[in-house]
Each structure stands twice: as C-alpha cells, then as structure tokens.
Amino acid sequence: MANFSKSNVPQFSVDVYQNEYLPENGREVNAIVTVSATGGGTVGSAVGAPHLYTAGQSPDAAVAIMVDCSGSMDYPPTKMRNARDATAAAIDTLRDGVHFAVIGGTHVAKEVYPGSGRLAVADAATREQAKQSLRRLSAGGGTAIGTWLRLADRLLSSAEVSIRHGILLTDGRNEHEAPEDLKAALDSCAGRFTCDARGVGTDWEVKEVTGIASALLGTADIVADPATLSADFTQMMETAMGKEVADVSLRLWTPVGTAVKFVKQVAPTVAELTGRRTEAGPRAGDYPTGSWGDESRDYHVCVEVPLAGVGQEMLAARVSLVIPQGDGSVQNLGAQGLVRAVWTDDMVASTRINSQVAHYTGQAELAQVIQQGLDLRKSGDVDGATAKLGRAVQLANVSGNADTAKLLAKVVDVVDAAAGTVRLKAKVEEADEMTLETRSTKTVRVKK
C-alpha cells in the first residue's frame, strides 16, 4: 500500500462461528467467518471533510466514471440531464488528490475529461472543469460496455495508486458487442479495479449489470427513477472514498486430505467465490474480496475432512487475510481464524446446527429461489414460479429479511408467509420485478 499514514490503516480481525462437533462418520465442516476492518478513519468523508492522509500526501485512489451516452439515454430527454447531474454530484464528492476521469460510453468509449489518455487530480479547479465538460455528454449511438471497461482500465492503471475503482451507469442492453467480448473485457479487468454498476430505467438486462459488478467485486442496483440518480451516485462515491485497503484476499489453508467444497460471501450480499480461487502454495488458496474501508463482511466456508474416530480432533482450515504483491510475495494483515473438527458420539452436540450457519444457508437459498422463481415466471411456468417464490417468502419471513419480503410482495400476493403460500400477481410493474431480481442477493445479518 502506498501513501498511507500508518496510524490510519484499518486493523483487520477474523472471528469464526461454527459447531465443530461431527458425528462418527461426519466429514462436512461448515463455518461462518466474520472479517472486520476498523479504525481506518471516517468512511465516506466528502469534500472539505478531514482526510485520512498525512500532510503532503495524496489520497491513494483513482476513480473512473463511465456514463452511458447511447441513443436511448434521450428517452425521455430528462434521463441524460439526470445522468449529467449525477456525475456532477459524484465529482463533487471526490476528495482532494484523488485521480479521476469521466468516460462517455456508446458503441465506443470516449474520454470526456480530462482527455489525452490522462487522469485529472481532484481539487476545486479540476472538479469545476470536469463538471463543465459534462456538457459534452450527449445521447447517440449504441452500447458496447466492454469498450468502456477497457478504457477505464487503461486510465486507472496509469496512476501509481492502490485503490482503483469504477462507477458504471447504463440504461440499455449491451447490444453492440458479442457477449464473449464483454466477458473477455471483464476477465481482463478483474483484479485490476473494482466497479459498481447501476441500471437506470427498465430497458437494461439485470444479469448483465449484476454480472459486471460480480466480476469486478462491486455492487449492482437499479435506479428505476432517473431523478434519484444524483443521490445514488453521491452515496457510491462516498463509499468509494472510504476504501483504504485494496486487493485483500481471504487465504484458506487446509491440511492434507481436506477438500474445499465452497467459499462464498454471505453478507452484506451473497457472492460466490469458490471458482475465483488462486493457488497460494501448498494446500492454500486465495479468494479475492476487493477493497475495504471501515466495514464487516461474513463468509461461509465449507470443507470436507477425512474420516476420524470418536474423540479425535483436527484443524480443518486456517483463515487469514493477505494482500498479494506484484513480485509474488504477500503482505499479511495479521488476522487469523481457525476452523476445527471434533468427532463425538454425543448426538445432541453433533446434530446442533450453528445459528450463523443456519441463517446464512437460508439467505443463500433465498437468493437462489428468487432468481429461479423469476426465471420460471418469465418462461410462463406459473406452478414452478409460484413454488419457488413461495419458498422465498417463507425464507424471508424466517430470517427477518423485511426488505426482500417487501419486494416479494410486489410480485406475489402472500396468503401465508410462514407456510410459503402465495399467488402470482396477474400484473407486475417491470421496475418492481427488476428491483427484486437485482437486489435478491442482499442479506440481513444474524444477531451474534
């Protein structure tokens, strides 16, 4: 990490919640790992607020704002104006010293500010210049998001900073490049910068926007009403300005004979990490978590251990936090948690499901059945959709996920939440369905 005042670097901690007891033939060990970063300073400080850096140093961050300028942004005409206003609000939220650029996206990517392949450095003058340049944002052309991301990557990589972040706004489907081109761009950008993605209106593809955010370890959401874009962009930029440590990986070490079944983030959203493992030496693998400010996240780790007899115990996994360096070394963040396995013939002990594990298993299922239910609804399978969305209502009710329950109630009529008995609504607003799909992975935390 460059440019940090040492006293301001967040301190990381790891806590493990599990039932370590297994029956005589038990092999599957589940644990919820809570990772917390605290003491790094004020998250989301806006312009003029006390910054986190020592005198004479620049904030260790670069941001690229990608704004959809395709022809559809002119319908209605207020949409483009709202996008300009939102981008101006985001620019106002940049801290002094942060490197930044604005990109206009159509079937090609264009540098709007500062231009010439450069990044500007935020201060009162450059923020004003950038806002004046937004007049050049006009609608016309197609949509090829991969080109926007590649330009953002080129610009962000030109800065000698640790935190590189993108904010992407689109109102339409990625119709002017092949899906494999977008995937190739995401593969190229993954691990190089994080990116929050927003879909404005209702003419964009949910799976495209959520896929971008997932690949680049950012957030995705719908802004159904373009008039609320400024507030959303301001909040996104404030969160980005609160990030202080980049490229943190969760390192999982397991002993001989132990296999990792899965690793997934389960709070504040569900995100599958299993397939993103990179090998990190004998029996160890790293799972990317992106950039961190003052925050806490939960991960579900599941490993399969060798059979053992009653009374035996073993270390099933060791979790630590590292920042991989370019030369192959790592910076260890000094936090560690242990996952244990103890074999017992006490049936009460071995069959007790840890409350954390039970809660997040339900939350992961909730996200899955919402997606499945909406897909079945779109395909015309009323019975299948009713069953899946009924199960979603039941899970949301049990876990206390009130926000998701409210979104579900706009798609189904709830007869009995506890039993999961529902009826599909005959008429559903498209924005309501898209909001449910986009936010299906948001979870609530269990009280510890």
Residues forming a side-chain hydrogen bond (donor to acceptor under 3.5 Å, both in side chains) with K410, sequence neighbours excluded: none
For residues 148-155, dump all side-chain donor-acceptor pairs below 3.5 Å to protein atoms at least two apart in sequence or in another chain.
unit_1, atom_1, unit_2, atom_2, d
W148, NE1, T106, O, 2.8
W148, NE1, A144, O, 3.2
D153, OD1, R192, NE, 2.8
D153, OD1, R192, NH2, 3.4
D153, OD2, R192, NE, 2.9

Which residues pass the ring-ring contact (aromatic ring centres under 6.0 Å, His included) test with [X], not counting sequence neighbours?
X    : result
W204 : none
Y75  : none
H300 : F262

Qualifying ring-ring contact (aromatic ring centres under 6.0 Å, His included) pairs, either residue in residues 269-297, two or more places apart: F12-W292
Pairwise ring-ring contact (aromatic ring centres under 6.0 Å, His included) hits with a residue in residues 159-181, at least two apart: none
With sequence neighbours excluded, residues passing side chain to side chain contact (heavy atoms under 4.5 Å, CB included) with E208: R173, N174, E205
Qualifying residues under salt bridge (Lys or Arg N to Asp or Glu O under 4.0 Å), relative to K406, sequence neighbours excluded: none
Pairs touching residues 265-276 that satisfy salt bridge (Lys or Arg N to Asp or Glu O under 4.0 Å), sequence neighbours left out: none
Qualifying side chain to side chain donor-acceptor pair (under 3.5 Å) pairs, either residue in residues 219-228, two or more places apart: D196-T219, R198-T219, D221-R439
Side chains of residues 112-121: which donor-acceptor pairs under 3.5 Å do they make with residues two or more places apart or in other chains?
unit_1, atom_1, unit_2, atom_2, d
Y113, OH, Q129, OE1, 2.8
R118, NE, G115, O, 3.4

